[in-house]
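Shown next, in structure tokens, is the structure this report addresses.
What's counted below: heavy atoms across the whole structure, side chains too, no hydrogens, waters or symmetry copies. Here the structure is a predicted model, which means the values were calculated and not measured.
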Amino acid sequence: MQYLRTATALLVATVVVVVSANKRDLCADGSTDDNNNWYCQNVTAITYTGVGGSGSYNRVTSMDSNGGGCSSVAKGYSGTLSPLDEEVSLHFRGPLTLKKFAVYTPGGSLGSKRREAHVRRHVHGHGYGHQQVAREAEAAVGDMVTAVINGVAETWVNEWSGQSATPAPVAGSPSSGSLVPPANLPTPSSTSSSATASSSSTSSGSGNTAPSSGGWGRMAFYNASANSSEGLVFLNHNGGTGSGVFDYTYGNSLSYASSDGQNGAASPQILSDCTLPSSSEVVIMSSRKCGANNGACGYYRPGTVAHHGFAGPSKAFIFEFNMPSTGQTAASIYDPVDMPAIWMLNAQIPRTLQYGEAACSCWTSGCGEFDIFEVLAPGDKRAKSTLHGNIAGRDSDFFGRPEGTPIQVATVLHNDNIHIKILDREFNFGADLDAETVADILGTTMVQTNTVSLFALSG
Ligand SMILES: *[C@@H]1O[C@H](CO)[C@@H](O)[C@H](O)[C@H]1NC(C)=O
Ligand SMILES: *[C@@H]1O[C@H](CO)[C@@H](O)[C@H](O)[C@H]1NC(C)=O
Ligand SMILES: *[C@@H]1O[C@H](CO)[C@@H](O)[C@H](O)[C@H]1NC(C)=O
């Protein structure tokens with residue numbers, strides 16, 4: 001799946017940068033085969049390009065708890081990031097300590113009211129990932145531009161006018177947008193002679209992936225040390241204990257998780273500041289319950305706890321966690337001991353049947369899973385990522401498993417790409433993911449280096 005992109009001319013801040021990028025995973029630099037799991041390079045960021053597509057999957061429409069099986073209808077999908085633009089749930093398997101977690105979306109906010117557009121100043125030294133770059137008077141890609149939208153001055157990082165479905169302040173889009181590649185060009189846009197993700201290279205390189213409005217707003221947040229959470233709910237698979245249902249056909253449905261994550265609970269609980277034991281799983285979804293008659297959630301298993309997932313073609317999940325080893329060894333290959341993981345599912349999957357009969361979940365027909373940080377063998381020190389679905393692929397480069405000090409990892413879905421990046425500076429989980437931080441994450445993960453892998457999916 002490696003291929004060569006020829007030069008792309010890109011006008012960036014009055015400097016013409018000629019790009020020639022050989023987009024690839026880093027397996028040519030060396031690989032190891034451990035029991036059919038390939039491991040290539042130890043990286044700090046991986047970008048999957050070409051994630052979305054069009055197709056269909058089987059949406060479950062009924063589940064017979066008396067052994068009659070499940071029925072479904074074909075559901076077509078298309079568009080940026082599709083089908084992972086649909087609602088997704090986040091899954092955590094121990095041994096894992098989740099210290100903080102936040103979800104950001106363009107225009108997202110906590111609370112019922114939409115966040116008002118507010119003036120965002122380009123202040124040097126503000127925020128994580130700040131790029132100290134001189135701005136030209138005329139807007140070029142990567143520049144901060146300001147416009148008055150609905151009477152409010154709003155500032156954001158300029159980008160070309162792609163097919164972003166985000167609520168962009170289109171009225172203010174500068175004409176220089178036409179100078180940059182189209183959104184669907186699946187190639188890293190810019191690299192100067194320096195391969196590292198320095199601030200100067202990212203400011204230009206990030207232009208083609210910058211968000212289309214100012215910052216992204218925090219729509220869900222969990223802080224274990226503060227015993228606080230907003231906009232999200234902790235679930236697990238203990239239906240029949242306090243909440244949800246159990247039957248002999250499908251087993252336990254989703255339930256609210258007890259504060260230690262080990263049992264069911266009658267109502268939402270905040271996950272305590274704890275290490276989830278090996279094999280146990282906690283699921284995070286939105287605090288919004290599915291409406292009556294299934295509503296926008298679609299069909300779900302009767303009696304299950306049913307909450308919305310996190311929807312949209314642009315969304316960022318930031319995790320602070322570690323995965324301490326228990327030293328256990330597996331009794332069998334079906335025994336996932338000491339194999340921690342963080343992954344994302346189309347939220348319909350856990351709301352019908354995450355584990356069990358294939359016809360009772362849209363998983364087999366491709367409604368989407370993305371493994372973000374998954375340890376594939378007991379005790380292994382490496383974590384890999386994988387896209388499952390009708391478009392699928394696994395980068396064999398890996399991240400080091402964080403066994404001690406928690407690390408902060410961003411997973412950003414945007415413009416048909418998924419970026420995973422180990423953040424190299426303290427991220428404060430504030431109410432906004434400012435535009436420059438988003439641009440930094442997107443930009444630095446689009447420039448291939450020996451610690452950044454680019455994995456092109458072919459649809
Ligand atoms: C998380 O909680 C700790 C302990 O209460 C607090 O010091 C920290 O500021 C909190 N972080 C955020 C982003 O709220
Ligand atoms: C966390 O907060 C909940 C209420 O939101 C409370 O019931 C629980 O005791 C708290 N846990 C700790 C460890 O303070
Ligand atoms: C991967 O790299 C990180 C950072 O250099 C290091 O801490 C970790 O031990 C490495 N892990 C493996 C399995 O090579």
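- Cation-pi geometry between Arg218 and Tyr104 is not satisfied (NZ or CZ under 6.0 Å from the ring centre, within 45° of the ring normal).
- Here the CD1-OG distance, from Ile270 to Ser228, works out to 6.5 Å after rounding to the nearest 0.5 Å.
- Ser278 and Thr326 share no side-chain donor-acceptor pair at under 3.5 Å.
- In this structure, the side chains of Lys381 and Glu403 come closer than 4.5 Å at one or more pairs of heavy atoms.
- Between Ser325 and Asp338, the side chains place a donor N or O and an acceptor N or O closer than 3.5 Å (distance only, hydrogens not considered).
- A cation-pi contact, defined as under 6.0 Å to the ring centre and within 45° of the axis, is absent between Lys100 and Tyr222.
- The closest side-chain donor-acceptor pair between Thr437 and Asp440, if any, does not fall under 3.5 angstrom.
- Less than 6.0 angstrom separates the ring centroid of Phe370 from the ring centroid of Tyr48.
- Listed by first and then second residue, the side-chain hydrogen bond (donor to acceptor under 3.5 Å, both in side chains) pairs involving residues 256-270 are Tyr256-His307, Ser258-Asp260, Gln262-Ser280, Ser267-Gln269 (not counting sequence neighbours).
- By the 30° and 60° cut-offs, the orientation of the rings of Phe373 relative to Phe399 is parallel.
- Between Trp343 and His388, the ring center distance fails the sub-6.0 Å criterion.
- Using a 4.5 Å heavy-atom cutoff, the side chains of Asp395 and Ser453 are in contact.
- Under 4.0 Å is where a charged nitrogen must lie from a carboxylate oxygen, and between Arg401 and Glu374 no such pair does.
- Here the straight-line distance linking atom CG of Leu90 with atom CD1 of Ile342 works out to 8.5 Å at 0.5 Å rounding.
- Annotation for Ser255 and Gly264: closest pair OG-CA, 4.0 Å, computed over non-hydrogen atoms.
- Between Glu281 and Gln354, the side chains place a donor N or O and an acceptor N or O closer than 3.5 Å (distance only, hydrogens not considered).
- Asn238 and Asn236 share a side-chain donor-acceptor pair at under 3.5 Å.
- Counting heavy atoms from C-beta on, the side chains of Trp363 and Leu353 never come closer than 4.5 Å.
- In this pair, Phe101 and Phe317 present their aromatic rings parallel. The plane angle is below 30°, not in the 30 to 60° band.
- In this structure, a donor-acceptor pair under 3.5 Å is absent between the side chains of Ser65 and Tyr248.
- Between Phe398 and Val375, every side-chain heavy-atom pair lies at or beyond the 4.5 Å cut-off.
- For the side chain to side chain contact (heavy atoms under 4.5 Å, CB included) test, residues two or more places apart in sequence or in another chain that qualify with Asp85 are Leu81, Ser82, Pro313.
- Using a 4.5 Å heavy-atom threshold, the side chains of Arg394 and Leu387 count as separate.
- Every residue two or more places apart in sequence or in another chain that forms a side chain to side chain contact (heavy atoms under 4.5 Å, CB included) with Thr352 is listed here: Val60, Met63, Tyr299, Ser361.
- Between the side chains of Ser54 and Ser78, no donor-acceptor pair is found at a separation under 3.5 Å.
- Between Lys421 and Val409, every side-chain heavy-atom pair lies at or beyond the 4.5 Å cut-off.
- Side-chain atoms of His308 and Ser286 include no donor-acceptor pair closer than 3.5 Å.
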